[in-house]
Amino acid sequence: MSLDKPYLDVPGTIIFDAEQSRKGYWLNQFCMSLMKAENRERFKADERAYLDEWAMTEEQKQAVLARDLNWCMRTGGNIYFLAKIGATDGKSFQQMAGSMTGMTEEEYRNMMVGGGRSPEGNRFLGEDGDAQPQHQPQGKAGHKTTGSN
Amino acid sequence: MSLDKPYLDVPGTIIFDAEQSRKGYWLNQFCMSLMKAENRERFKADERAYLDEWAMTEEQKQAVLARDLNWCMRTGGNIYFLAKIGATDGKSFQQMAGSMTGMTEEEYRNMMVGGGRSPEGNRFLGEDGDAQPQHQPQGKAGHKTTGSN
Amino acid sequence: MAKITASVYTSHVPAIGAAIDLGKTQEPYWQPLFAGYDFSKEWEKAQKPDVVFLVFNDHATAFSLDMIPTFAIGTAAEYQPADEGWGPRPVPAVHGHPALAAHIAQSVIQDDFDLTIVNKMDVDHGLTVPLSLMFGQPPQSDYRWPCKVIPFAVNVVQYPVPSGNRCFQLGKAIRKAIESFDEDLNVQIWGTGGMSHQLQGPRAGLINKDWDNRFLDRLIAEPAELAKVPHIEYVREAGSEGIELVMWLIARGAMADVAGGPAPKVVYRFFHVPASNTAVGHLILENQPA
Amino acid sequence: MAKITASVYTSHVPAIGAAIDLGKTQEPYWQPLFAGYDFSKEWEKAQKPDVVFLVFNDHATAFSLDMIPTFAIGTAAEYQPADEGWGPRPVPAVHGHPALAAHIAQSVIQDDFDLTIVNKMDVDHGLTVPLSLMFGQPPQSDYRWPCKVIPFAVNVVQYPVPSGNRCFQLGKAIRKAIESFDEDLNVQIWGTGGMSHQLQGPRAGLINKDWDNRFLDRLIAEPAELAKVPHIEYVREAGSEGIELVMWLIARGAMADVAGGPAPKVVYRFFHVPASNTAVGHLILENQPA
Ligand SMILES: [Fe+3]
Ligand SMILES: [Fe+3]
């Protein structure tokens with residue numbers, strides 16, 4: 001029997017376990033390289049060329065170029081590693097976290113000032129909270145297409 | 001109460017514990033640097049200058065220059081680290097280990113072929129085995145001065 | 001003899017460090033948070049600890065995926081503030097206590113905790129933000145932290161992280177180790193990280209005040225029970241990064257009552273939402289004379 | 001399901017690697033030693049393991065004093081033979097089994113062993129010499145090791161090293177982890193290092209045949225009792241580097257009898273003095289059908 005992964009039924013969440021870590025190894029190591037100022041400069045000068053120095057999958061490179069952190073995470077990225085891309089771009093953790101919800105920066109900031117996202121309806125997949133798949137993207141981005149939040 | 005060090009009464013032996021490790025930190029890290037071929041070349045070209053690049057004590061540097069491995073160990077060196085100096089000099093582990101006994105290479109080799117050093121008399125300080133302080137140096141080097149082994 | 005006199009618990013959000021370093025602590029957004037630590041700074045001035053045993057986690061800073069220690073104890077003399085991508089925080093270097101750290105390592109490994117010993121490590125916001133919160137910014141005239149620090153890093157980045165109970169038991173072993181050290185030292189143990197937060201995915205921004213406050217209640221009153229809470233409850237109730245709270249159990253396990261002594265005194269308790277993405281909790285417990 | 005079919009125990013002296021690499025195996029000094037592994041090579045050809053879980057220690061090669069993990073499991077896809085100062089050994093790269101290794105890491109950490117996970121590590125003679133002894137030199141026509149290898153490094157360089165009992169218990173947890181892996185795999189677990197030797201000081205060259213052979217007897221017949229032997233006995237009786245033998249207890253703890261199954265079959269036993277400074281011991285135990 002394989003090991004339990006009791007965390008697979010938490011909505012809107014990817015737990016960085018050994019399997020994700022293996023999948024994301026080169027993506028995350030690329031991110032670590034951005035802790036050196038000279039690497040940040042080289043990356044900014046030619047992102048594609050810099051990414052091509054790493055044994056990442058093409059999908060991982062596309063996800064980085066698109067700055068789509070949810071996509072990066074699906075390909076094995078971990079937020080503490082991915083934060084180095086955000087730092088290179090001059091983004092805060094709040095901007096990075098917010099970007100994964102579909103909300104605007106202001107919408108996300110207001111949610112946090114208002115006490116943050118409620119756990120109600122967001123504990124198990126299949127409930128009806130705002131983090132559930134059927135309610136993505138959130139904020140105005142969601143209103144446009146679904147008419148409800 | 002401080003932690004027990006039950007190994008202090010073993011003759012001719014220094015256990016590489018946390019205290020030795022702290023004492024020998026830079027000496028051992030210098031040794032690690034010799035795992036790179038270019039560093040071995042630089043060290044061989046000017047040993048003193050290379051040693052001066054490291055935050056070692058003067059005594060540690062003298063011990064290395066003298067290739068006195070017992071002295072190196074007293075200043076915090078560990079044999080697996082110090083072995084990198086031996087490797088740089090083209091010495092085997094047997095030559096290095098033997099050098100700490102006072103025996104010639106041949107004497108030490110013969111002792112090993114003959115079944116090695118007996119533990120008899122060498123378990124506790126104060127016994128009368130050949131590894132005890134009162135019997136150093138061993139082999140012909142010892143015979144010269146004491147007339148007995 | 002060395003004595004653990006108190007334990008301190010606090011969140012360690014990077015944005016708090018940025019707010020301090022950029023002089024924003026009196027802005028309306030930040031003012032209530034920093035006011036929550038005014039008591040603590042005064043308290044530390046009176047306490048004058050010699051050493052802080054500081055439990056924190058590295059956030060992919062000193063440890064990449066090349067090597068991920070479950071528990072790592074710093075036995076070095078000095079640690080530099082890390083460049084996490086925004087440049088290093090403008091705070092003093094951290095001075096260690098190699099002799100006490102080596103003593104603890106030896107004792108705790110012999111008690112069957114499989115530590116990694118670390119002699120070279122840049123320390124990130126996980127360690128420096130709690131120092132700033134508790135001690136304030138050291139003046140230029142005396143630019144150093146007021147005590148030595150033993151950094152103790154816990155893996156909470158790659159699952160599986162150590163269980164709450166493993167952390168609690170480790171705290172007990174650390175207590176035994178510290179209190180068997182010969183030198184007279186006033187030692188505090190800090191647990192940092194948390195409280196509820198999630199930094200990833202469509203569920204980012206999750207906060208659970210009720211769960212957090214219940215965690216504080218139980219941490220004070222029934223830590224051994226609290227230590228039985230499985231990982232999945234942290235994730236479900238306090239967000240994927242809420243798992244950092246297991247580190248608080250290490251500090252709690254090192255308190256005297258766990259070893260049969262009197263219950264600690266709750267000197268201070270504070271809770272605030274938000275700091276950036278995170279619920280900030282803070283607690284000070286003092287050991288009482290037997 | 002993955003199955004541990006056998007455990008192998010062997011010393012891992014660097015000079016043995018040098019003798020192989022320099023073509024000296026038929027010299028009078030070395031011939032008796034290598035003859036002692038003829039059976040083992042034939043046995044491995046018949047066994048055809050898919051994976052070897054190889055317990056060894058790093059000798060200040062991959063790990064400097066910057067970071068000393070008590071237990072480190074390799075979850076990488078590949079490991080290169082290290083340059084220990086004489087240049088890398090001319091042997092193939094070692095291929096890992098990342099999926100099984102990650103599975104073991106997860107299981108064993110949840111069982112309260114505080115592993116360090118390693119994804120980048122050059123492997124020294126501690127790992128490559130046992131491979132050479134058991135599999136011989138791979139032919140140029142098929143230049144690779146015949147199976148995957150999960151490197152598991154134990155700190156036996158800086159005291160305190162893990163206790164014999166901790167190692168034995170860890171072996172049990174590793175068994176549980178391996179035998180819960182879904183894929184059908186023939187897995188062997190190897191314990192390497194030892195036997196009696198001392199590489200330092202005026203006591204260098206110590207060998208204790210009687211103690212070594214009693215260790216082999218007890219490893220076969222009463223491993224749980226043997227696991228209670230304290231460090232100091234290894235040092236006193238088997239030399240300062242004889243402490244490496246605690247690693248054999250990890251492999252032994254992973255055998256079926258320890259978990260209530262039938263006693264293993266002693267397939268082979270060999271002992272020879274000296275290889276350079278070291279007493280060479282070698283043992284093969286096969287698990288039997290329940
Ligand atoms: Fe954190
Ligand atoms: Fe060895």
Side-chain angles (χ1 to χ4, degrees), chain A residues 6-7 10-18 20-21 24-25 28-29 31-32 34-37 40 69-70 73 78-88 90 92-94 96-98 100-103 108 111-113 115-119 122-124 129-133 135-138, chain C residues 13-15 18 28-29 57-66 68 82-87 122 124-126 156-161 196-211 230-243 273-279:
Chain A
Y7 41 80
V10 180
T13 302
I14 297 174
I15 294 299
F16 189 68
D17 60 12
Q20 286 295 110
S21 179
Y25 182 71
N28 290 313
Q29 295 299 77
C31 291
M32 285 302 279
L34 299 178
M35 289 179 71
K36 294 208 173 112
R40 293 195 285 268
L69 295 185
N70 282 323
M73 293 206 50
N78 168 276
I79 185 60
Y80 292 121
F81 290 83
L82 297 173
K84 280 51 171 172
I85 304 174
T88 302
S92 72
F93 256 107
Q94 188 170 75
M96 288 185 259
M100 288 182 269
T101 65
M103 288 187 239
Y108 184 83
M111 175 179 81
M112 293 315 301
V113 171
R117 178 189 307 282
S118 165
N122 290 325
R123 290 183 174 91
F124 292 89
D130 51 8
Q132 298 284 346
H135 296 308
Q136 303 315 310
Q138 301 165 50
Chain C
V13 185
Y29 181 92
N57 68 293
D58 180 78
H59 302 78
T61 303
F63 306 141
S64 70
L65 294 182
D66 284 344
I68 308 165
D83 179 353
E84 297 179 56
W86 294 270
D122 287 351
D124 73 11
H125 72 270
V156 292
V157 171
Q158 180 174 320
Y159 193 91
V161 312
S196 58
H197 64 308
Q198 174 151 342
L199 302 177
Q200 53 133 330
R203 199 167 173 254
L206 185 126
I207 297 286
N208 193 339
K209 293 182 207 190
D210 293 343
W211 192 88
H231 290 152
I232 183 64
E233 180 175 327
Y234 290 83
V235 176
R236 223 183 276 294
E237 297 290 337
S240 51
E241 278 64 56
I243 192 73
V273 173
S276 183
N277 306 283
T278 303

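Letters go in sequence order (proteins before strands), and every chain restarts at 1.
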At a heavy-atom separation under 4.5 Å, does [X] approach chain A through its side chain, its backbone, both, or neither?
X	answer
C:Asp66	both
C:Glu84	backbone
C:Tyr234	neither
C:Ile232	side chain

Let's go through C:Asn208 and A:Arg123 carefully: what are the C-alpha distance in whole Å and the side-chain angles of both, what is the deciding distance for side chain to side chain contact (heavy atoms under 4.5 Å, CB included) to 0.1 Å, and is it a yes or a no?
CA-CA 11 Å; C:Asn208 193 339; A:Arg123 290 183 174 91; 3.9 Å; yes
Measure the shortest side-chain to side-chain distance between [X] and [Y] over non-hydrogen atoms and say whether it is less than 4.5 angstrom.
X	Y	answer
A:Met100	C:Leu199	no
A:Asn70	C:Pro202	yes
C:Tyr29	A:Val113	yes

When the ring planes of C:Trp86 and A:Phe93 are compared, do they come out parallel, tilted or perpendicular, using 30° and 60° as the limits?
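The rings of C:Trp86 and A:Phe93 sit tilted, inter-plane angle from 30° to 60°.
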Are A:Tyr108 and C:Asn277 close enough that a side-chain donor and a side-chain acceptor fall under 3.5 Å?
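There is such a pair between these side chains.
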Check: A:Arg117 side chain, C:Arg203 main-chain N or O, donor-acceptor pair, under 3.5 Å:
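At least one qualifying donor-acceptor pair exists.
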Quick check against the 3.5 Å criterion: does A:Gln94 have a side-chain atom that pairs as donor or acceptor with the backbone of C:Ser276?
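Checking the backbone N and O of C:Ser276 against the side chain of A:Gln94, a donor-acceptor pair under 3.5 Å is found.
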Who among A:Thr13, A:Asn28, A:Thr101 has the most heavy-atom pairs with chain C under 4.5 Å?
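Max contact count across the listed options: A:Thr13.
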Sequence neighbours left out, what passes side chain to side chain contact (heavy atoms under 4.5 Å, CB included) with A:Thr88? Give chain and number order.
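Per chain and number, A:Thr88 pairs via side chain to side chain contact (heavy atoms under 4.5 Å, CB included) with A:Leu34, A:Arg40, A:Phe43, A:Lys44.
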List the residues meeting side chain to side chain contact (heavy atoms under 4.5 Å, CB included) with A:Met35, not counting sequence neighbours, and say none if there are none.
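Once residues adjacent in sequence are excluded, the partners of A:Met35 under the side chain to side chain contact (heavy atoms under 4.5 Å, CB included) criterion are A:Met32, A:Lys84, C:Thr61.
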Need one label for [X]: side chain, backbone, both or neither, based on atoms under 4.5 Å from any heavy atom in chain C.
X	value
A:Asn78	side chain
A:Ile79	side chain
A:Met96	side chain

State, to 0.1 Å, how close A:Pro119 and C:Leu206 come at their nearest heavy-atom pair, and which atoms those are.
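Shortest heavy-atom separation between A:Pro119 and C:Leu206 comes out as CA-CD1, 3.7 Å.
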Do you know which two heavy atoms are closest between C:Arg236 and A:Val10, and how far apart they sit?
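It is NH1-CG2, 3.7 Å.
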